[in-house]
Each structure stands twice: as structure tokens, then as C-alpha cells.
S.K.: 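One structure, as C-alpha cells, below. Some questions next.
Numbers restart at 1 for each chain; the letters A, B, ... are given by sequence-line order, proteins then strands.
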Protein chains: 2
Amino acid sequence: MTATYRDVKADILEKITLGIWPPGSTIPKEIELAEIYDCARATVNRAMRELAEDGIVERKRKAGTKVRMAPVRQARFEIPIVRKEIEDKGTEYRYALVRKERQQAPDWLRARLRLNDGGAVLHLICMHYADGAPYQYEDRWINLDLLPNAAEIDFADTGPNEWLVATIPFSNAEISLLATMADAELAEHLGCSKGDALFQAERSTWWDGKAITFVRLTFRKGHRMTTRY
Amino acid sequence: MTATYRDVKADILEKITLGIWPPGSTIPKEIELAEIYDCARATVNRAMRELAEDGIVERKRKAGTKVRMAPVRQARFEIPIVRKEIEDKGTEYRYALVRKERQQAPDWLRARLRLNDGGAVLHLICMHYADGAPYQYEDRWINLDLLPNAAEIDFADTGPNEWLVATIPFSNAEISLLATMADAELAEHLGCSKGDALFQAERSTWWDGKAITFVRLTFRKGHRMTTRY
DNA sequence: CAGTGGTCTAGACCACTGA
DNA sequence: CAGTGGTCTAGACCACTGT
């Protein structure tokens, strides 16, 4: 037979879903499973490790592997670049710079990004359109102490997101999803009514422990983030 | 020396973030890396596989491993059971059943879950409180054709979520996140004003290709879902 | 302290895919 | 068709952690 790690993973997952190994029960140890499936322990190990990553089982040395009582449901959402998101839907992407201003970081931003006093930031307001209709309102702040070049960039044709990704490709981020009421400015740019409920994402990005940028993305009315798991 | 897969992964990631291997560039092949780090190819393989899962690099047979041009930003959100979510914050959890009704599946639900005509469903409205204050409004529909026992359960003390997790522990689901305006019912139960913007999650759950349940969770005003990546 | 998972190795064969 | 990643093996030692 020579089972693959996929076979082992699928079979064990089936035993769990069918209730043969109910939540809380202990699964046979790796050596036993290796004998059962007639494969190497490393093969079993990979299957089980993935099941643990998926939140299906819980593994502890000496204690063995147990089926989780409350499965840790985790959903993965992709956070694509807006342009890609829109173009992948087969719609036409258009970008526009609404406002660009160099200023001192306001208090709330300094607190949020742990900036020093008197830090200079670049504040950008941008719009992203899909097939001519408003899609996303971008309120971005860039730390000029860390990225002084940003001040010289003309963001008329390309959004700051794409420039940032090219400049600092890999970094850490914290993202929050929430709902907000449209104010006059949002309503006007997104073509909705004042007071409408809008979906919003906030992201703070860090590199080497220092804050690079904060962005608040507000989506057009009715926007959803969807995923399967 | 004897590098571990963590060492290899960290070192390669550093080389990428520092720009030594810029986006689009090709990384040395596994055998070469194994020589460089003085370890087995399997060790390098694991490091690279994880970097690929993390969306940092892209691997293809024969073509080699390349640093992604546009890093696939993916955020993982944990979707815990409400009770756990509340208790983990150190607050007191309280549950209440608001309404329970057996009925025919309305058209929108049938379409959504691909149910047959005349399917019976159990419709539940529940509230979840944190330290006595409204936390989440749960609007749940359970497919009675698949789970006839649900009709006999008294959901007065325990929420349907916990019963479902215990009954059908593992299943597939589709989840959507969105923003909605509070109607009169939501405003009353969640203690906010009509028209307030509220964060909402919708989840359809499937098992063996058949729809088990649909739930719409509405959070109290100001709720955020946050994660790091 | 003993048992279980965590990881590494050296070698092998396979599967996909670009030239 | 040849090169690169994908996976398996048999064996080994290590690192936690429950008893």
C-alpha cells in the first residue's frame, strides 16, 4: 500500500468527522499509526502536524495526541492589493489621488504607532474605482522619519500601497476589521448616504520594530469579505 | 553548527526582508542551501515549504524557488465559540434564548443553503452577554431534515453553537464579514441606536455536501476583529 | 524517569514542468 | 529529457512533560 501523508491525514480526519474518534479522545501514538498505515513515522508525523496546524487535534509530548473539544476555527483571509482585487474580478481598475499633505503626526496617530514627538508624516487620501464606480476610500499615513523618500514621490498615478509594497516588501502588520458609519466625506466619495454602515479595515505596518504606515480602508456600501475553511 | 529548519527559515526570511534576495529573484536550489547551511535537504525543504505556505516565496518544480513579487498578505482570524471569547477576556458570560420556532425554510435561506422545497428548519434567536452587557445577537437556522434531534433540544441554558459543535464537530464552512445598520430589533437587544453601524459575520456550515446550519452573528457597537501577521 | 512528540539525516525515487 | 521540488524511509537523538 505505502500510504502517503495525505492518505493518512484524510483517513484520520474521516475517523474524526465520523465520530469514531470523538472530541477529547486520544489518538494512537505515532509509532502505532505508522504500523497501521504501514509507513514511516515521519509520514504519520507530517499528517498529524498538519492536523494540529488546522486546529483539529492537539499534541503534547508524553501526553499524546487528542481530538480538540472545541475545534479552533480559524479563517484565512487574503488581503490583496486593491488593484489586484478589482482586476481579478474582471472589472476595470482606476485610481485617483484626492489629497496629499505633509504634516506633523496627530496625537492619536502617534499613540497608535508609538511615534516620537514632532514626527513628520505624509497624509494621503486616495480613491479606488471598479468599472468607474467608487470601490474603496484609502486614508493613509506614512512615517517620513523612516521613509523620507515618500515625500518626493508623486502618487498621482500609482497608489501608495503599491509603492510601499515595492519599497518595504515584507513587514509585520496588525489588522482590524470593523463597521463604521459614513460621515459626509465618506458618503460623498463612496457615493452612499451619510449614516450608511460601511465595512472598514485598519492596518498598522511595522518593520524592524518601527512603524512604517497606518492605513484605514473604507469599502463601498455592501462590501463583504468572504472565505471558506 | 547543524542548523535547524527554524534557523534556515529565519535566515532566508532575513535575506529577503533586507533586500539581499529582492522580489522576483530566484533563491538557490535546495541542494545548494543544504550545503550552505550544512544540513540535510529535508531540513531546507521544510523551511522553504513553510515560507511558501506563508506566502513569502513561490515554488515550482524545475523552475526553482522565487521570492514573490506581490507578497500574498493573508490574515488568520480565529473564530472562537462566543462563550470562550468572552471568558478569555476575563469577563462573565451569560446566555439567553430569545425565541425558538420551527418553520418552513424561507426562500432566501433555501437558496443560500441549497435546500429542497418544504424543508423544515429550526429558527433560533439568542443573546450573548459579557459582564451583563449585550455582546452578540445570534440569528440561527438549523436544517431539521439533517438534524431532526435539534427540535427536541431545549436551548434555554446552552447556545445552539455549543450543541452543534458537540454534535457535528468538524465540517466545512463559508464565512462572510460585513457591516450592517441596526434595525429596531437589533438596536433593542444590543442596546444601541437604530441606524448604528454594526459588525456582522455570516456563516454557512456544511457536512458531507449538505447544509447543516446558517447563522448571522451581530456584534455590539464598536466591535473589532483583530489579528497580526 | 520514562514515554511521546519534535526534529534531523542520508539516501532514494517520483512527478511535474521548463527548455 | 533533464532539473528541481515533493515525498518517503529507517534510524537516531533530543526536548518536553506527565506520573
S.K.: Is there any ring pair (Phe, Tyr, Trp, His ring centres under 6.0 Å) pair reaching into residues 63-94 of chain B, and which pairs are they, with sequence neighbours excluded?
M.R.: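 Applying ring pair (Phe, Tyr, Trp, His ring centres under 6.0 Å) to every pair that reaches into residues 63-94 of chain B, excluding sequence neighbours, yields Phe77(A)-Phe77(B), Tyr93(B)-His128(B).
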S.K.: Under 3.5 Å, which protein N or O atoms sit close to an N or O of nucleotides 16-19 of chain D? Give each pair with its distance.
M.R.:
unit_1, atom_1, unit_2, atom_2, d
dC16(D), O4', Arg61(A), NH1, 3.1

S.K.: Please name all residues satisfying salt bridge (charged side-chain N to carboxylate O under 4.0 Å, His left out) with Arg112(A), sequence neighbours left out, ordered by chain then number.
M.R.: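 Result, salt bridge (charged side-chain N to carboxylate O under 4.0 Å, His left out) vs Arg112(A): Glu202(A).
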S.K.: Name the residue closer to the 5' end of DNA chain C, choosing between Glu30(A) and Ala42(B) according to the nucleotide with the nearest heavy atom.
M.R.: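 Residue closer to the 5' terminus by nearest nucleotide: Glu30(A).
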S.K.: At the 4.0 Å heavy-atom cut-off to chain B, mark where contacts on DNA chain C begin and end, going 5' to 3'.
M.R.: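 Both ends considered, the range comes out as dT7(C) to dG18(C).
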S.K.: Just by modelled atom types, is the Glu85(A) backbone N or O under 3.5 Å from a matching donor or acceptor in the Asp88(A) side chain?
M.R.: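 Checking the backbone N and O of Glu85(A) against the side chain of Asp88(A), no donor-acceptor pair under 3.5 Å is found.
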S.K.: Check whether any side-chain N or O of Thr213(B) sits under 3.5 Å from a backbone N or O of Trp141(B) as a donor-acceptor pair, and report yes or no.
M.R.: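 It does hold such a pair.
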S.K.: Could you list all the salt bridge (charged side-chain N to carboxylate O under 4.0 Å, His left out) pairs where at least one residue sits in residues 142-152 of chain A, not counting sequence neighbours?
M.R.: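 Non-adjacent pairs meeting salt bridge (charged side-chain N to carboxylate O under 4.0 Å, His left out): zero.
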S.K.: May I ask you to decide if Phe155(A)'s main-chain N or O and Thr158(A)'s side chain share a donor-acceptor pair within less than 3.5 Å?
M.R.: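 Checking the backbone N and O of Phe155(A) against the side chain of Thr158(A), no donor-acceptor pair under 3.5 Å is found.
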S.K.: Can you tell me if Lys100(B) has over 12 outside heavy atoms packed within less than 6.0 Å of its NZ?
M.R.: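 Enclosed: over 12 neighbouring heavy atoms sit under 6.0 Å from NZ of Lys100(B).
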S.K.: Is it the case that Arg216(B) places NZ or CZ above or below the six-membered ring of Trp108(B), under 6.0 angstrom from the centre and within 45 degrees of the axis?
M.R.: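 Here Arg216(B) passes the 6.0 Å and 45° test against Trp108(B).
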S.K.: Run Arg68(B) and Glu58(B) through salt bridge (charged side-chain N to carboxylate O under 4.0 Å, His left out) and show every step you take.
M.R.: CA-CA 6 Å; Arg68(B) 288 192 104 109; Glu58(B) 208 168 5; 3.8 Å; yes
S.K.: Taking for each residue the nucleotide of DNA chain D bearing the nearest heavy atom, is the 5' side occupied by Cys39(A) or by Thr65(B)?
M.R.: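 So the residue in question is Thr65(B).
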S.K.: For Ile31(A) and for Tyr5(B), locate the closest nucleotide of DNA chain C by heavy-atom distance; then report the residue assigned to the nucleotide nearer the 5' terminus.
M.R.: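 Result of the comparison: Ile31(A).
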S.K.: Is Glu53(A) paired with Arg49(A) through a side-chain N to carboxylate O contact shorter than 4.0 Å?
M.R.: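 Here Arg49(A) does not pair with Glu53(A) in a salt bridge, since their nearest N and O are not under 4.0 Å apart.
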S.K.: Which stems, defined as runs of 3 or more consecutive Watson-Crick or G-U wobble pairs with both pairing distances under 3.5 Å, involve DNA chain C?
M.R.: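 Stem segments, range with range: C:1-18 with D:1-18.
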S.K.: With a 4.0 Å cut-off on heavy atoms, is Arg46(B) in touch with a base, just the backbone sugar-phosphate, or nothing at all?
M.R.: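 Arg46(B): backbone/sugar contact only, no base atoms under 4.0 Å.
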